[in-house]
Amino acid sequence: MSKSFQDPAIIKELKVKIHRLAGKFTDRKIRICHVCGTHEYTISHWGIRSLLPPNVEVIAGPGCPVCICPNEDIEQSIWLAKNGYTLATYGDMSRVPSNQGSILTARAEGADVRVVYSFLDVLKLANNNPQNKIVFFAIGFETTAPTVAIELVNNRIPSNLFILSAHRLVPPAMSVLLEQDDVPLDGLIAPGHVSAITGYGIYEPISKKNNIPIVVAGFEPADVMLSILAILQQLARFQSKTENLYSRVVTREGNKKALAAMTDAYQVVDAKWRGIGVIPSSGFEIAKKFSQSNIRLKEEVPVSSGDDIPKGCRCAEIMLGKIYPEKCSLFNKRCTPENPIGPCMVGNEGTCAIHAKYGGHLDLADD
Ligand code: SF4
């Protein structure tokens, strides 16, 4: 990545332009929401909120795939790990608390759990251990969903490997954010990596329907500052369009190969998001023609009816952009990255974990 995207002179210039433009909106607060844990990392790590004028706010939405994974899916994965399956999943996912403990707790109790870095690791695990029944707990947005899809459509899933799909789609969650009456938004920053797969054209109907600017941004500090400036520029011109500021990676059409594989491998279903509820057409389930790889069709895995969010945890409000983590009374007290109580404190993309590590909201006196 070019150093220019972190160049202090460029950041300073963008700051001046943002302040100048924000002066046109002194009678109101401009609220911009992003839906990506990596964007929250950039914003908090680089202290971008401290560079913004008081009437421009950037809040975090449901951008962490680990955080929004519902309690019941975690419990299903634990049940499988305790009932004869080797469970493979990502490291962050294994630490997320559920009403039945975490996947790592299950491992401590004797379940066979393997932490993997990619789906290729899972394939290797299954091919090297044909005597084992392996389940991959597949989480993530459009960024990770293609890795499983490509293997399914190319018939490279061995017969001892099954998928527990908890993949979710970002655009439907953006629409939910925009439907909230109590959190009015003036602009959305769309995630660059998701958009590299989907293409930015997917946001155009959302911009149009909700009369709101949506700007696709990369992950360097200048990318995020530029996206904020672009939203302010659109607002000043009374525009509400989708704009792509990550053209070094994102096209309007997206990754056609990945999109074709996902269309073939999955069916789009209504899906639950932790703390938010069921969002229509927001999840990927394995397509019927690959049902031999769908663990939900092979096993009757019990489904929990317990609470989705632990008592006292305010992750639901955080994921909907209603409050900052610092407003949770457990933040950095009983709930820390080392001892997370709620899902937002677990992984590198969780808003609470990011704020605990880097600080996030500097002035909480008047929210
Ligand atoms: Fe939940 Fe912990 Fe965040 Fe509070 S600080 S909202 S308990 S994850």
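Counting starts at 1 for both ligands and their atoms, in listed order.
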Review point. Can Cys315 be said to touch ligand 1, with heavy atoms closer than 4.0 Å?
Key: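 Within the 4.0 Å threshold, so yes.
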Which ligand 1 atoms, with their elements, are less than 4.0 angstrom from a heavy-atom of [X]?
X      : result
Ile318 : 6 (S)
Gly342 : 1 (Fe), 8 (S)
Arg314 : 1 (Fe), 6 (S)
Cys352 : 3 (Fe), 5 (S), 6 (S), 8 (S)
Phe331 : 5 (S)

Point to revise | Asp181 atom CG: more than 12 heavy-atom contacts under 6.0 Å | key: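 Check fails, neighbour count at 12 or below.
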Practice item. Identify the protein heavy atom lying closest to atom 4 (Fe) of ligand 1, giving its residue, its atom name and the separation to 0.1 Å. Key: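 Checked against all protein heavy atoms, atom 4 (Fe) of ligand 1 sits closest to Cys328 SG, 2.3 Å.
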Assess, by modelled atom type and distance only, whether the side chains of [X] and [Y] contain a donor and an acceptor separated by less than 3.5 Å.
X      : Y      : answer
Ser195 : Thr198 : no
Glu40  : His355 : yes
Tyr200 : Glu243 : no
Glu57  : Tyr324 : yes
Ser207 : Ser240 : no

Review point. Between Phe284 and Phe141, is a ring-ring contact (aromatic ring centres under 6.0 Å, His included) present by the stated rule, with each step listed?
Key: CA-CA 9 Å; Phe284 275 147; Phe141 300 123; over 10 Å; no
Location of contacts on [X] toward ligand 1, heavy atoms closer than 4.0 Å:
X      : answer
Cys313 : both
Cys335 : side chain
Asn332 : neither

